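Notes follow the structure.
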Amino acid sequence: VAKYITKTKKDAGHDGFVQTLFGRKRFIPEINSSAWNLRQAAERMAINMPIQGTAADLIKMAMVEINLKLKNEKVKMLLQVHDELIFEVSEGGVKKVAEEIKKIMENIYQLSVPLEVDVEAGDNWGALERLDI
């Protein structure tokens with residue numbers, strides 16, 4: 001982690017930007033500021049963005065794939081909240097749809113570590129229970 005932080009700050013200072021695993025860039029001109037507080041905030045952004053941005057890219061890729069593969073199912077993607085996706089599914093199809101969504105999300109991209117997805121279901125957001133899939 002320390003090596004990642006040091007390298008990321010150095011690269012951002014040299015390049016003026018950081019990027020996600022998929023190449024989406026965030027320019028950070030304040031990274032070389034002489035004002036300590038601006039430089040510190042820019043360094044925090046530089047360290048955080050590649051990780052959080054890559055996670056956002058992955059969930060967006062999964063959303064597109066889910067939409068393509070499940071368009072014939074009785075499922076409606078309602079909401080994304082950070083790293084969660086909320087779906088409306090007919091009661092009889094929950095397990096089948098959940099299995100397919102989990103499979104898509106866990107295999108959307110092969111990293112050096114596995115992507116793991118937890119699945120929950122319930123009548124509303126407050127009544128969710130974990131599904132063992």
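Computation of the quantities below employed the complete heavy-atom set of this structure, encompassing side-chain atoms and omitting hydrogens, waters and symmetry-equivalent molecules. The shown structure was predicted, so the numbers you read here are calculated from the model rather than taken from an experiment.
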*Can I108 be reached from L111 by stepping across I, L, V, M, F, W or Y side chains whose heavy atoms are under 4.5 Å apart?*
yes
_Joint hydrophobic cluster, I133 plus V117, side-chain heavy atoms closer than 4.5 Å_ = yes
Using residues 122-132 as the side-chain source, report each donor-acceptor pair under 3.5 Å to any protein atom, sequence neighbours left out, with the distance given to one decimal.
residue: N124; atom: OD1; partner: G126; partner atom: N; Å: 2.9
residue: N124; atom: OD1; partner: A127; partner atom: N; Å: 3.0
residue: R130; atom: NH1; partner: D118; partner atom: OD1; Å: 3.3
residue: R130; atom: NH2; partner: D118; partner atom: OD1; Å: 3.2

*Common cluster, I31/L38, ILVMFWY with side-chain heavy-atom separation under 4.5 Å*: no
*So how far is it from I104 CD1 to M63 CE, rounded to the nearest 0.5 Å?*
12.5 Å
*Among K7, H14, K9, which residue meets the side chain to side chain donor-acceptor pair (under 3.5 Å) test with D11?*
K7
_Distance in Å, Y4 OH paired with I47 CD1, rounded so as to fall on 0.5 Å steps_ = 7.0 Å
*Starting at NZ of K103, measure out to CD1 of I101 and round the result to the nearest 0.5 Å.*
13.0 Å
*Grab the two heavy atoms, one from I28 and one from A42, that are nearest each other, plus how far apart they are.*
CG2-CB, 3.4 Å
*Work out which heavy atom in P50 is nearest to a heavy atom in M45; give both atom names and the distance.*
CD-O, 4.5 Å
Return all side-chain donor-acceptor pairs below 3.5 angstrom for residues 78-100, not counting sequence neighbours, or 'none' if the list is empty.
residue: Q80; atom: NE2; partner: H82; partner atom: O; Å: 3.0
residue: K96; atom: NZ; partner: E73; partner atom: OE1; Å: 3.4
residue: K96; atom: NZ; partner: E73; partner atom: OE2; Å: 3.3

*Scan residues 44-64 for pairs that pass side-chain hydrogen bond (donor to acceptor under 3.5 Å, both in side chains), counting only residues two or more places apart or in two chains.*
T20-D57, R24-D57, N48-Q52
*First locate atom CG of N67, then atom NZ of K76, and finally report the distance between them rounded to the nearest 0.5 Å.*
13.0 Å
*Tell me whether L21 is reachable from V18 by hopping between hydrophobic residues (I, L, V, M, F, W, Y) whose side-chain heavy atoms are closer than 4.5 Å.*
no
*Any idea which heavy atoms bring M49 and R26 closest together, and the distance?*
CE-CB, 3.8 Å
*Are I51 and I5 connected in the hydrophobic side-chain network, where two residues link if heavy atoms are under 4.5 Å apart?*
yes
